[in-house]
2 protein chains.
Amino acid sequence: MPDITRTGTAKTETTTFREVMAEIVQRITEGPWGPGTLLPGEVELAEAFGCSRTTMNRALREVSELGFLDRKRKAGTRVRMAPIRQARFEMPVVRAEIEKTGAVYGYQLVSSAVVVAPEWLRLRMGLKARAHVVHLLCLHFADGVAFQLEDRWINAGALPQALQQDFTESGPNEWLVATVPFSEVEISFLAQAADAGMVAHLDHALGDPVFCVERATWWQNAAVTLVTLAHRRGYRMTTRY
Amino acid sequence: MPDITRTGTAKTETTTFREVMAEIVQRITEGPWGPGTLLPGEVELAEAFGCSRTTMNRALREVSELGFLDRKRKAGTRVRMAPIRQARFEMPVVRAEIEKTGAVYGYQLVSSAVVVAPEWLRLRMGLKARAHVVHLLCLHFADGVAFQLEDRWINAGALPQALQQDFTESGPNEWLVATVPFSEVEISFLAQAADAGMVAHLDHALGDPVFCVERATWWQNAAVTLVTLAHRRGYRMTTRY
DNA sequence: CGACTCCTTATGTGTAGACATAATAAACAT
DNA sequence: ATGTTTATTATGTCTACACATAAGGAGTCG
């Protein structure tokens with residue numbers, strides 16, 4: 001039966017790769033494809049699902065990116081024994097994070113100074129001896145309550161404009177992402193004991209555990225900035241999936 | 001040799017979507033496509049790059065998933081003003097995390113008990129009044145040194161097998177991922193003050209800041225387990241990109 | 001002016017077909 | 001037995017083409 005234009009009628013009866021994905025995920029999580037199962041080949045599956053191999057390939061690839069499948073040439077597609085658990089945090093600018101909760105964002109510059117980089121900073125960022133840095137302390141408020149204390153160092157060698165820039169009205173982060181948008185970044189999450197600065201500006205007692213995010217960024221192998229974001233009491237960073 | 005198979009000579013001269021991606025990313029980060037730029041349409045780009053639109057589409061889609069591009073039908077493809085910063089952590093089983101560093105993994109069950117769920121746990125996980133839970137304390141070692149203290153609660157109502165299971169030889173996590181592999185998960189990162197248990201088993205003084213990961217999991221809307229993973233002094237969770 | 005319709009356009013996705021490549025398995029030689 | 005080559009096979013990717021869909025913009029009408 002030589003095929004005639006499949007284009008004839010309207011409504012897609014084609015199986016979309018999203019439908020295929022959903023079905024595959026369901027078969028893995030609830031259905032017959034338990035951990036360790038070796039799936040049939042793409043060609044066979046495509047036939048069974050009534051779609052082209054291209055579509056099946058895309059579906060399998062994306063399910064695999066979700067962490068459920070392990071694919072290898074020749075070896076085939078296998079359901080992982082345990083799915084890869086991945087926590088993915090989008091790190092918006094503080095302003096966006098606060099405004100998303102419906103709160104009013106507030107900003108205040110606490111202190112600003114140009115200093116010679118201290119030893120630990122030089123080692124951490126790979127700065128030259130006697131390199132000058134801009135050191136800023138800033139506060140971010142949610143509905144008038146201190147939400148985050150930003151302790152930032154900017155390498156004046158790499159970004160001399162930072163020396164002239166005025167940070168009293170808006171934070172250095174917004175200026176930096178506009179100035180050096182595509183930098184290499186290293187992010188760390190850690191717990192720190194509250195120091196004097198955090199006690200003074202956040203709702204902490206000296207030595208309290210503080211959840212901190214540290215972000216170091218480089219641009220073309222030159223250190224740009226190092227920032228530690230200290231959060232208010234009880235802050236937790238959460239993701240669900 | 002009659003056959004002219006193009007495989008004979010040079011490497012494929014087809015432009016692969018990875019090459020295209022690399023070029024696009026470079027044009028964004030270093031080249032002429034600064035933040036806000038509206039890119040030419042897929043057809044035009046494909047022609048310029050000497051590839052098919054399919055390939056260009058894939059390249060653009062993946063670059064967009066990296067957070068550099070914003071794509072909308074009809075509106076076109078635009079370079080984001082600031083790339084979406086995303087921290088992505090793969091959360092392997094502790095054993096794998098430790099062995100990846102080359103250290104020898106060690107495990108020890110500290111305590112095990114079946115108790116009625118305390119109030120806060122009932123609220124946190126949505127358990128019924130007087131629900132029974134298994135409460136475990138376990139230690140994970142790297143080269144003999146305590147690395148992580150696992151404080152785990154398992155809902156015996158949803159997983160009665162947990163009552164019989166023996167956790168003296170291997171941790172509850174490995175048993176759980178094998179038993180309930182595909183659960184819904186909520187992960188939080190937070191800073192906590194060291195309590196008596198952490199002081200006893202990790203290298204902490206009372207009240208020290210401890211970096212903790214809390215993971216709650218459900219399966220088909222029933223609470224399965226809640227675990228708090230307390231880390232050793234100075235631990236930080238890092239990602240780079 | 002404002003709200004509505006319709007057209008256009010760029011991306012989104014599906015299909016068939018072909019070749020590329022990695023990795024296993026089988027055949028072979030040492 | 002062991003190491004090496006060769007064949008096989010499942011996934012990976014490219015191509016050309018077609019239709020689907022969202023959304024901007026022009027034109028229309030009250």
Side-chain angles (χ1 to χ4, degrees), chain A residues 1-24 28 33 36-80, chain B residues 3-24 28 33 36-80:
Chain A
M1 183 176 297
D3 143 308
I4 307 298
T5 72
R6 61 171 165 298
T7 65
T9 32
K11 293 303 174 189
T12 41
E13 297 189 13
T14 58
T15 324
T16 87
F17 82 94
R18 284 173 200 284
E19 289 166 358
V20 176
M21 274 183 72
E23 175 65 23
I24 291 173
I28 293 174
W33 292 344
T37 306
L38 178 65
L39 267 54
E42 291 185 344
V43 190
E44 192 176 334
L45 279 174
E47 205 166 323
F49 276 74
C51 65
S52 70
R53 184 168 89 88
T54 314
T55 300
M56 182 52 70
N57 178 280
R58 171 131 191 222
L60 287 168
R61 173 158 37 90
E62 304 231 344
V63 173
S64 151
E65 270 162 25
L66 290 179
F68 288 112
L69 294 174
D70 193 26
R71 315 195 73 201
K72 274 204 310 226
R73 277 176 171 150
K74 166 74 183 179
T77 302
R78 193 175 289 275
V79 180
R80 293 202 125 94
Chain B
D3 143 330
I4 308 287
T5 64
R6 72 156 96 77
T7 63
T9 36
K11 303 282 181 189
T12 41
E13 298 186 14
T14 58
T15 322
T16 93
F17 81 94
R18 284 172 202 284
E19 289 166 356
V20 177
M21 274 183 72
E23 174 65 23
I24 291 173
I28 293 174
W33 291 344
T37 306
L38 178 64
L39 267 54
E42 291 185 344
V43 190
E44 193 175 334
L45 278 175
E47 207 167 321
F49 275 74
C51 66
S52 70
R53 183 169 89 89
T54 314
T55 299
M56 183 51 72
N57 179 281
R58 171 130 190 223
L60 288 169
R61 175 157 36 89
E62 304 230 345
V63 172
S64 150
E65 270 162 26
L66 289 179
F68 289 112
L69 294 174
D70 194 25
R71 315 195 74 202
K72 273 205 311 227
R73 279 179 170 144
K74 166 73 183 178
T77 303
R78 192 174 290 275
V79 180
R80 293 201 125 93

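In this text, all values refer to a predicted model and were calculated from it rather than measured experimentally. Letters go in sequence order (proteins before strands), and every chain restarts at 1.
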Looking at C:dG14, I'd like to know if its phosphate oxygens (OP1 or OP2) sit under 4.0 Å from a side-chain N or O belonging to A:T16.
yes
Between D:dT8 atom C1' and A:K74 atom NZ, what is the distance in whole Å?
5 Å
Whole Å only: how far is the CG atom of B:D70 from the C1' atom of C:dG12?
15 Å
Whole-Å distance between C:dT15 C1' and A:E47 CD?
15 Å
Look at A:T54 and C:dA16 and indicate whether a side-chain polar atom (N or O) is within less than 4.0 Å of OP1 or OP2.
no
Taking the side chain as every heavy atom from C-beta outward, state whether B:T55 and B:T16 have any pair of such atoms under 4.5 Å apart.
no
Report yes if a donor N or O on one partner sits less than 3.5 Å from an acceptor N or O on the other, where the partners are the side chain of A:R71 and the base of D:dT11; otherwise report no.
no
Rounded to whole angstroms, how far apart are CZ on A:F49 and C1' on C:dT15?
18 Å
When rounded to the nearest 0.5 angstrom, what distance separates CH2 in A:W33 from CD in A:E23?
7.5 Å
Heavy atoms under 4.0 Å, any strand shown: does B:R18 hit a base, just sugar-phosphate, or nothing?
sugar-phosphate
Expressed in angstrom and rounded to an integer, what is the separation of A:M56 atom CE from D:dG12 atom C1'?
16 Å
Atom CD of B:E47 with >12 non-hydrogen neighbours under 6.0 angstrom:
no
Nearest whole angstrom, please: distance from the C1' of D:dG25 to the CZ of B:R73.
18 Å
Nearest-0.5 Å distance, CZ of residue A:R58 to CZ of residue B:R58
8.5 Å
Among the candidates D:dT11, C:dG12, D:dA23, find the nucleotide nearest to the side-chain atoms of A:E42.
D:dT11
Nearest whole angstrom, please: distance from the C1' of C:dT15 to the CG of A:N57.
13 Å
In this structure, how many angstroms lie between the C1' atom of D:dA20 and the CD atom of A:E19, rounded?
14 Å
On a plain distance test, is the side chain of B:R58 in donor-acceptor contact with the base of C:dT11 below 3.5 Å?
no
Quiz item: A:R53 side-chain donor-acceptor pair to D:dT13 base, under 3.5 Å
yes
Is B:T77 near enough to C:dA10 that one of its side-chain N or O atoms lies under 4.0 angstrom from OP1 or OP2?
no
Supply the atom-to-atom distance A:R61 CZ to A:L69 CG, rounded to the nearest 0.5 angstrom.
13.0 Å
Pairwise 5' ranking along DNA chain D for B:F17 and B:A75, keeping only the more 5' one
B:F17
